[in-house]
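Throughout, a chain's letter reflects where its sequence line sits, starting with A, and its residues are numbered from 1. In this text the structure is predicted, and so the values were computed from the model without any measurement.
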Amino acid sequence: MDKRDAFRHNVLTSGHRACSGCGEAMAARMVTDLIGPDAIYINATGCLQVFTTHNQQTAWQAPWIHSVFANAAAVAAGVEAAMRARGKEMPVVVQAGDGGTFDIGLQCLSGMIERGHDVLFVCYDNEAYMNTGVQRSSSTPHGVRTTTSPPGRLSQGKHHLKKDVISIIAAHHLPYAATATIAYFPDLKAKVEKALGIKGPRFLHVLSPCPLGWAHDSALSVTVSRLAVETGLFPLLELEHGDLTGVMRLAEQKPVQEYLRLQGRFKHLFNTKQGMEEVRHLQALADAHIRHYGLLEADTEWDTRRAMHSARHGRGGYAQVTVSAPREVKNGG
Amino acid sequence: MRKLLEGSHAVAEAVRLCRPQVVAAYPITPQTHIIERLAQQVADGELAAEFISAESEFGAASLVLGAVAAGAQAFTATASQGLLLMTEVLYNIAGMRLPVVMVCANRALGAPINIFCDHQDSMALRDAGWIQIYVESNQEAVDSLIQAYRLAETCELPVMICMDGFLLTHTFEPVTLPTQSAVDEYLPAFRFSRTLDPARPMTLGGGSEADNYQEYRVAQQEAMENAETVIEAFDAEFSEQFGRSYGGLLQGYRLDGAQTVLLGLGSLMGTVRDVVDTLRDEGEAVGALRLRCFRPFPAQSLVQSLSTAQRIIVLEKAFSVGAGGMVAAEVRAALQQAGIMTPVESVIGGLGGRDLTADVIQAIFQGTTTEPFRVGRFAPDPVEEGGVGHG
Ligand SMILES: Cc1ncc(C[n+]2csc(CCOP(=O)(O)OP(=O)(O)O)c2C)c(N)n1
Ligand code: SF4
């Protein structure tokens, strides 16, 4: 490897302007390094775009394009069509926040998947519009304080449930969709590698804590993201052609309060009776996820304890689990 | 080869001859026949392109943006509501200086919803940074489209060919289609200097702030000004190679000694020329001027063509509600800048497909009609108003 290669090694180089402890920066660094520089990256508007391309500077060592907030999936589809037309083959990768995925970008994303474009769409989910100063998105969990879902005399924060985007995506019966987070790098790595080995539309949903918006200690981003999984609030899943094909088992279920108490965005809930009601709702949601996806009894070696230490094995390496098909499960849940 | 073709199909044939690699679109009347024909050409193996049915016009514009940035020649078409839905992306394409080519099949805007022709849609996008060519005939649509690809690449500016919905898109006219080899010779293989490519990684569409943002806009303006020369040169060159010219930026008709000039855009101008002939026969010194290129706005050439006129009537199928005709305002500004105070009458008509017949145009000349309408504080006789060309 000559010096130039070393320089090019990180697709996302240092020197960008993310907040310290930014989960999105960590996730993007992990994902793009796994994909490498021989790919084309399309970014939606949002924190990642802003902190990596500040005023004529760039932190990207790979071809990268940003157009507008809502259209990243459609731009990527155009890039991919051009590649096909020109007889070139390389990964085409979208990176977007939850706003650019769940909300304003959902239509283009759905169209891209429906038409079967060979595009990997990566959503870095920090559960709010962070770039514009922490406004609620449809990904924000209920009860959360954001600047547009402020708790007050008549409100306990956000009123509505976090949108179940992975089910919406899975309903397109695309070849591969998965959830992941920065706390489990071997798991994230296996999923990126698996996605890269598959043709067609693929979707990766990466929970990415935001110390600024979640109001947690910036040293705790990884801890917080791990707790999101261990409580059952953010299940780690794999879905192929719409069917659930893998989950990460919870070695033990942690109470949601362990997760909530680290974050200022939930703090107000603990002050009032109505707030504690929301906490119980959040616990009920975690319990529902656990039942729905069989997170405690899944027949797999791959659990939240193992995933901390060892790499996953095999191509993609994910232990196959036997859980009932999501549609059947859903009738009960 | 001369063929009787519907305007939409003539345009689709022209697109095919230009060999775009990616076609992305979303259907809207009166654009549909263009993209349906392109889809058929792809299905029949006559056009080797990726045909993508986008989930919306917003998506279609984004698809061609991505395709061109990734080094493929692309095409899209839309109209009316679809053009407005593309707005954010069209500005973005222009800001990134991507050589995208599209057709706008001009149609009214809702509400109330109306599928027929006027120019409110493309006029609303006049500030987006796209070259806008308003064609008069289907032959001109074909020839302008072929030139548009070269123009877009040469100037690194996107080009919008505006053709009147129904009046052109759904009208059968004899059209001469150039041969494939002639078009191949005319159009070099697609090249874009900032193509997304891992061998030369570039960041497109990154952030900019106060210390340099303005320079990007200045560069766009300079490119637009430069495009005026290129459009004229390409028209002359095309005329030499294919034997047809449209005047480049402007097309004058019987302007010699014309005291009154009727100025307008698009397919309306055929009727205007008939009116000019009638009035000339009656001894009136009247001429017509067709504004073919609205962006860049050819102020200088316009002033040259209008310098000796004593009365200028601008016929427009669009206006800025609360202000008046945009073309008239810009014509006035150009004249005033050159120290010419000839009154410019702004007449708005033909909205939502209403016919602007020869009789109506003649009555406008004679000042005997209030339909179409005039916007602004106009006295019936502009000369009595003091000839300052206000309103
Ligand atoms: C059409 C449009 N609406 C609004 C904005 C303002 N805006 C920019 S980024 C952003 C939020 C981004 O949120 P998300 O996608 O979750 O990404 P994050 O910044 O949280 O990583 C908003 C609302 C915009 N740029 N464009
Ligand atoms: S606001 Fe949040 S997502 Fe944005 S850079 Fe800071 S930590 Fe990262």
Novice: Can you tell which part of B/Val64 gets under 4.5 Å to a heavy atom of chain A, answering side chain, backbone, both or neither?
Specialist: neither
Novice: Listed by chain and number, what are the salt bridge (charged side-chain N to carboxylate O under 4.0 Å, His left out) partners of A/Glu24, not counting sequence neighbours?
Specialist: none
Novice: Which of the residues B/Met202, B/Gln21, B/Gln73 is involved in the greatest number of heavy-atom pairs with chain A at under 4.5 angstrom?
Specialist: B/Met202
Novice: Does a donor on one side chain sit under 3.5 Å from an acceptor on the other, for A/Gln95 and A/Gln49?
Specialist: no
Novice: Look at atom NZ of A/Lys162 and say whether more than 12 heavy atoms of other residues, nucleotides or ligands are closer to it than 6.0 Å.
Specialist: yes
Novice: Once the angle between the rings of A/His16 and A/Phe51 is folded into 0 to 90°, is it parallel (under 30°), tilted (30 to 60°) or perpendicular (over 60°)?
Specialist: tilted
Novice: Between B/Asp184 and B/Gln180, is any side-chain donor less than 3.5 angstrom from a side-chain acceptor?
Specialist: yes
Novice: Decide whether a cation-pi geometry holds between B/Arg150 and B/Tyr186; the criteria are a distance under 6.0 Å from NZ or CZ to the six-membered ring centre and an angle within 45° of the ring axis.
Specialist: yes
Novice: Measure distances from B/Glu50 to the heavy atoms of chain A and classify the residue's part below 4.5 Å as side chain, backbone, both or neither.
Specialist: side chain
Novice: For each of B/Leu204, B/Val89, B/Leu65, tally heavy-atom pairs with chain A at distances under 4.5 Å, and name the one with the top tally.
Specialist: B/Leu204
Novice: Between B/Phe51 and chain A, which part of the residue has a heavy atom less than 4.5 Å away: side chain, backbone, both or neither?
Specialist: neither
Novice: As an exercise: rank B/Asp211, B/Thr195, B/Asn212 by heavy-atom pairs under 4.5 Å with chain A and give me the winner.
Specialist: B/Asn212
Novice: Heavy-atom distances under 4.5 Å only: say whether B/Ala69 touches chain A with side chain, backbone, both or neither.
Specialist: side chain
Novice: Only pairs under 3.5 Å count here: list side-chain donor-acceptor contacts from residues 65-76 of chain A, not counting sequence neighbours, and write none if there are none.
Specialist:
| residue | atom | partner | partner atom | Å |
| --- | --- | --- | --- | --- |
| A/His66 | ND1 | B/Gly205 | O | 2.9 |
| A/His66 | NE2 | A/Thr45 | OG1 | 2.7 |
| A/Ser67 | OG | A/Asn71 | ND2 | 3.0 |
| A/Ser67 | OG | B/Asn92 | OD1 | 2.7 |
| A/Asn71 | OD1 | A/Val68 | N | 3.2 |
| A/Asn71 | ND2 | B/Ser62 | OG | 3.0 |

Novice: Select one option (side chain, backbone, both, neither) describing which atoms of A/Arg115 are under 4.5 Å from chain B's heavy atoms.
Specialist: side chain
Novice: Looking at chain A, which one of B/Ala24, B/Ala48, B/Ser56, B/Ser53 has the largest number of heavy-atom pairs inside 4.5 Å, strictly under?
Specialist: B/Ser53
